[in-house]
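All chains are named by letter (A, B, ...) in the order of the sequence lines, taking the proteins before the strands, and each is independently numbered beginning at 1.
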There are 2 protein chains.
Amino acid sequence: MSQALRQNRIHQLVKQKGYLTIDELVAHFSVTPQTIRRDLNQMADQGLIERHHGGAGLASSVENTAYQTRKIQHLAEKKRIAEQVARHIPDHSSLFINIGTTNETIAQALLDHRGLKVVTNNLHVAAMLSARPDFTVIIAGGEVRSRDGGIVGEATRDFVHQFKLDYGIIGISGIDEDGTLLDFDYQEVRIAQAIMENSRYVYLAADHSKYGRNAMVRLGNLTQCSAFFTDARPAQALTERLHQHQVDLHVC
Amino acid sequence: MSQALRQNRIHQLVKQKGYLTIDELVAHFSVTPQTIRRDLNQMADQGLIERHHGGAGLASSVENTAYQTRKIQHLAEKKRIAEQVARHIPDHSSLFINIGTTNETIAQALLDHRGLKVVTNNLHVAAMLSARPDFTVIIAGGEVRSRDGGIVGEATRDFVHQFKLDYGIIGISGIDEDGTLLDFDYQEVRIAQAIMENSRYVYLAADHSKYGRNAMVRLGNLTQCSAFFTDARPAQALTERLHQHQVDLHVC
DNA sequence: TTACCGATGTTCTAAATTATTCGTTTTTGT
DNA sequence: ACAAAAACGAATAATTTAGAACATCGGTAA
């Protein structure tokens, strides 16, 4: 195994576990401690990880928050959903992306696209997509919530209203049995509504954990969307309603 | 099998597996390692794959931008400077941070502080600092430059003018012998100036590579700052000027 | 046919990577 | 605080890989 590859794997492992001892890495890769030290030192020089005695951990910029753990939940499902959503977004189109871990996974999947124009109030999405020089990334201004990297508030809503884009990609906290979309956060709902108003197509992405979850604030109804991407078939009644309102259902 | 055909197959295999050793390819195609190397080098020249020792892998979609390399240059010096700047920022104070890799290092060093209130037009700084729940991070809105994660423009300047904070931390591209601060980017300069106007203390951080570098746009003069943090003692004349204007000089 | 051209194989030296050894520093247990 | 154990970094040796130079092969066009 080459050095580059091993360092990549180490980086992934560190991001996953938060901390690794040299012994663990020696056992994992079957090389000498000295080799691991060289790797870790090189990576620390690049700021990829933080070097400690006996091992290495995350560079302090990426601390493990509640948000980080939420991000790993249902990751496989989210990735499948994200792949599917990305397939339905053509190159060179314009889109909104709002807050939510599912949306961030979608942003990741969109990295292979070309020339996208993206308006977002999600700091993580902006950071991810702005790495692509051919993308236009526009971020809303305001106070950043540490909880999820979201930017919310009146000003953000006005900001969204400046645009009229092809696609709006929104995430939610819960879906009621009758298709009512629910969220925990009042401000976030206002922004999602603004996005729905100003998008030609509205794509909703939600994994099965959102079914029947009780959140407080009403956002709208599933029937207002153009397409619904999920990983588990919804209840029969809801499926029929979607069909009636010509909402495309994509079960991934 | 022709060269073109083999290279095509290699490309497919790399995309499939993510990484291939030369040995694997030698076995797969029954040719000598030298032939494989020639193939890989040619393909790497075209940017199709990324060459490593012992094999080749995917060309990372996140291209190694000029920004990425700039970020590693003088990293050790930048870290020392950042530590020193951080020591001069008290907990619970408010500050501006603008664009630049040095500023990002400073943001990193500020992660150990408490209750900071930060206004920035630097996406990376915002992402880093927003991980801390007790920080208030406010980001300017607008188009994100992929080059450096900066948000610039008229609106950003107005945004800065909304605030009056304790500290302004600015970076620059060059310092002339007489202390003139220079930058390559006109828009960036406007924002730095706005920050200087609206900060009670202005901290300038610049490593030695900035001395005598010729950038085009005039930002201001070192004497307008409250303190100057660097890693190498400036020329005698400049040192005296700083002393005359009561600018604190910190050589780290 | 014959000279030429590109691709491949062969050989050899330089460079990169890894393992090993050893003295020094840091951590840990008492 | 002290000593043992663990970990570190530097130096060096061993191994692997890279790259250049040249020979060979097969096809092509004059």
Is the phosphate of [N] approached by [X] (side-chain N or O, under 4.0 Å from OP1 or OP2)?
{"X": "Arg6(A)", "N": "dT18(C)", "result": "yes"}
{"X": "Thr35(A)", "N": "dA19(C)", "result": "yes"}
{"X": "Gln3(B)", "N": "dT8(C)", "result": "yes"}

- Message: Side chains of Thr102(B) and Thr105(B) only: does a donor on one sit below 3.5 Å from an acceptor on the other?
- Response: no

- Message: Whether the Gln3(B) and Arg6(B) side chains hold a donor-acceptor pair (N or O, under 3.5 Å, no angle test) is what I'd like checked.
- Response: no

- Message: To the nearest 0.5 Å, what is the distance between CG on Leu110(B) and OH on Tyr167(B)?
- Response: 11.0 Å

Whole Å only: how far is the [atom1] atom of [X] from the [atom2] atom of [N]?
{"X": "Arg37(A)", "N": "dA19(C)", "atom1": "CZ", "atom2": "P", "value": "12 Å"}
{"X": "Leu5(B)", "N": "dG6(C)", "atom1": "CG", "atom2": "C1'", "value": "17 Å"}
{"X": "Arg38(A)", "N": "dA19(C)", "atom1": "CZ", "atom2": "C1'", "value": "8 Å"}
{"X": "Leu25(A)", "N": "dA19(C)", "atom1": "CG", "atom2": "P", "value": "13 Å"}
{"X": "Asp39(B)", "N": "dG6(C)", "atom1": "CG", "atom2": "P", "value": "16 Å"}
{"X": "Gln7(A)", "N": "dA16(C)", "atom1": "CD", "atom2": "P", "value": "15 Å"}

Backbone of [Y] reached by a side-chain donor or acceptor of [X] within 3.5 Å:
{"X": "Arg80(B)", "Y": "Cys252(B)", "result": "yes"}
{"X": "Thr120(A)", "Y": "Ile139(A)", "result": "no"}
{"X": "Asp183(B)", "Y": "Val217(B)", "result": "no"}

- Task: Could you say whether Asn41(B) or His52(A) is positioned toward the 5' end of DNA chain D, judged by the nucleotide with the nearest heavy atom to each?
- Result: His52(A)

- Item | Under 4.0 Å protein heavy-atom contact, by nucleotide of nucleotides 22-30 of chain C - B base, S sugar-phosphate only | ----SS---

- Query: Take atom CD in Gln42(B); do more than 12 heavy atoms of anything else shown fall under 6.0 Å from it?
  - Reply: yes

- Determine whether more than 12 heavy atoms belonging to other residues, nucleotides or ligands lie under 6.0 Å from atom CZ of Arg218(B). yes

- Verdict with supporting geometry, Gln84(B) and His250(B), side chain to side chain donor-acceptor pair (under 3.5 Å): CA-CA 8 Å; Gln84(B) 200 60 231; His250(B) 298 277; 4.7 Å; no

- His88(B) and Tyr203(B) aromatic ring geometry - parallel, tilted or perpendicular at 30°/60° bounds: perpendicular

- Covered region of DNA chain D, 5' end to 3' end, by chain B [heavy atoms, under 4.0 Å]: dT17(D) to dA20(D)

- Side chain to side chain, Asn122(B) and Asn98(B), heavy atoms closer than 4.5 Å: no

- Note on the structure: The answer to which of Gln42(B) and Val31(A) contacts DNA chain C further toward the 5' end, by nearest nucleotide, is Gln42(B)

- Note on the structure: Heavy-atom nearest nucleotide on DNA chain C taken for Ser30(B) and for Pro33(A); more 5' hit belongs to Ser30(B)

- Aromatic centroids of His52(A) and Tyr19(A) separated by under 6.0 Å: yes

- Task: Can you pull out how bent the helix from dT1(C)-dA30(D) to dT30(C)-dA1(D) is, comparing the axes over its first five and last five pairs, to 10°?
- Result: 30°

